[in-house]
Asks: 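Supplied in structure tokens, the structure appears directly below.
Lettering follows sequence order; numbering is per chain, from 1.
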Protein chains: 2
Amino acid sequence: MREAEFPQIDKSIVADDGDAFTFCSTCAFSRACLSQGMDKASLRDLHMLVEHVGPLHAGDHVFRAGDPFEAIAAVRAGTVKTYTIDRDGREHVLGFHLPGEVIGLDAIDGDRYPCDAIALDTVTLCRFSFPRISMLAARLPGLQQTLFKLLSRDIGTASVLAGDWSADERMAAFLLGLSRRLAARGFSARHFQLTMGRADIANYLRLAPETVSRVLKRFQDEGLIRVDRREVELVAPDALLAVAGAMLRD
Amino acid sequence: MREAEFPQIDKSIVADDGDAFTFCSTCAFSRACLSQGMDKASLRDLHMLVEHVGPLHAGDHVFRAGDPFEAIAAVRAGTVKTYTIDRDGREHVLGFHLPGEVIGLDAIDGDRYPCDAIALDTVTLCRFSFPRISMLAARLPGLQQTLFKLLSRDIGTASVLAGDWSADERMAAFLLGLSRRLAARGFSARHFQLTMGRADIANYLRLAPETVSRVLKRFQDEGLIRVDRREVELVAPDALLAVAGAMLRD
DNA sequence: CGACCATTTGAGCAGGGTCAAATCAGGTGG
DNA sequence: CCACCTGATTTGACCCTGCTCAAATGGTCG
């Protein structure tokens, strides 16, 4: 049922020398590398150092804060939440990572992961040893560029979230952001499941869970969305975009 | 007067073949590269593609949002503010960049700078063509690693700022952050000048200027700091750290 | 001295947080 | 098949931090 919704994950590639191999086309690397015109031999080199992980189940950790940093990982299926627990015991949700997205990049600086990564549902991953992928990146300009871009993009994302936006702006941008990211992977942009609870959404958006609940309800009353439990339908995405305002359009 | 406060900027290096050249030791690259044990010949290669820029004066732009992205830059002297102006005309201060820090990293993803960078006082820079430094990074593992780390660190910094901290926590962390960064470059950790106005600080911390003013005053009344105009003295850094709490210690 | 700008100070307001209670979906056991 | 338990979500009432608006202060430079 859930599986059926997934777009094709793997892609068959025939290398120039005639050798065929299978490449997971969900992970950011393959997509980015393919789009950067990386040749097939290089794709195969990249493929060689991938370690497929999972399936993990809801609540399983991908890595924990303090673990020695060895690898970054691309989500193939499911949702991963990254978060920290500060000295006062408060949790800070850093992000939700959908299929195709890469986690662990913030660990490069420092030799340990600075946050926890936990599966919110059934998750599979591609794991890339960081020393090895750096080494490969030195040989493959396209890969190096891809890594630089992934890192750079995360800076931008974090900066936007750091802005002083209203609860409405945050919520609207969050929904549209999910929608766009899901659409980019072949899922429906209009109708999707929230894989995380209200408390996680609230924490991520720096709001109280009660506020998330109220804003969602108001959005529904205003005809912008329809929500039922964790199921969301964007009824008027354009109106939602207007609410998100500068947070998305900048 | 101001100049005298600056620690030594340039460092003389004698390459293995006996050639001597001067290397600016303020910029993050040289520091990081030196500490990564990069050999002298490589340092010279890096030095070859540096373009020294400036001095720029308060109000001069280093680059503007929308300019084609060509280069990243390390601040040698002065303070650079990065900010965006959103569709509603509101300014969002992204950061203040002190000597030794690198700007333009968030432009790598996308072919244009996503923000404006403006000098707050007299600024000099080292400019590195990005295509050329990437190419060099492919040859020099230490440089590639340095770039990855710089990018990764900025993700972490932005994530912390995105948290939901109180005005007191933000202000305390801001002051201590400046202090630490200045100290790392050889300036006094206890006594320094704010090169930015209250409005900029407020905007950066997502507070109102009035709140910044009030919090600073209260910190002074409580004996944590002494402020006069733009001059700050950290009277009780440890107490300030306690106020910053999890924002800095995590 | 006077204009100008940044900063401070004061008073009042409100967005969103907190606390507590009600509701509801899903899982369990009878 | 239904009562019951559990944890998530919603709803209501109230409060507080930090914002807004406005006016005062004070330093700087012609």
Asks: Can you give the first and last nucleotides of DNA chain C, 5' to 3', that have an atom under 4.0 Å from a heavy atom of chain A?
Replies: C/dG16 to C/dA25
Asks: Donor-acceptor pair, distance only, cut-off 3.5 Å: does the side chain of B/Thr211 make one with the backbone of B/Leu207?
Replies: no
Asks: Rounded to whole angstroms, how far apart are CZ on A/Arg229 and P on D/dA8?
Replies: 10 Å
Asks: Does some side-chain heavy atom of B/Met171 sit less than 4.5 Å from a side-chain heavy atom of B/Leu216?
Replies: yes
Asks: What is the distance, rounded to the nearest whole Å, between atom CZ of A/Arg198 and atom C1' of D/dT11?
Replies: 14 Å
Asks: Whole angstroms only, please: what is the CG-C1' distance between A/Leu120 and D/dA8?
Replies: 15 Å
Asks: Using a strict threshold of under 4.0 Å (side-chain N to carboxylate O), is an ion pair present between B/Glu231 and B/Arg226?
Replies: no
Asks: Among residues 203-219 of chain A, which residues get a heavy atom nearer than 4.0 Å to DNA chain D?
Replies: A/Glu210, A/Ser213, A/Arg214, A/Lys217
Asks: Which of parallel (below 30°), tilted (30 to 60°) and perpendicular (above 60°) describes A/Phe130 and A/Phe69?
Replies: tilted
Asks: Go through it in stages, so that I can follow the logic: the residues are A/Thr84 and A/Asp116, the test is side chain to side chain contact (heavy atoms under 4.5 Å, CB included), and I'd like the CA-CA distance, side-chain angles, deciding distance and then a yes or no.
Replies: CA-CA 6 Å; A/Thr84 61; A/Asp116 288 76; 6.0 Å; no
Asks: Decide, yes or no, whether a salt bridge links B/Arg76 with B/Glu51 under the criterion of side-chain N to carboxylate O below 4.0 Å.
Replies: no
Asks: Write down the distance between CZ (A/Arg230) and C1' (D/dG7), rounded to a whole number of angstrom.
Replies: 11 Å
Asks: When you look at A/Arg153 and B/Asp106, which way does the salt bridge (charged side-chain N to carboxylate O under 4.0 Å, His left out) test go after all the steps?
Replies: CA-CA 7 Å; A/Arg153 193 172 315 160; B/Asp106 53 351; over 6 Å; no
Asks: For B/Phe96 and B/Tyr204, I'd like to know if the aromatic rings sit close, meaning centre-to-centre distance below 6.0 Å.
Replies: yes
Asks: Measure from CE on A/Met196 to P on D/dT9 and round the result to the nearest Å.
Replies: 11 Å
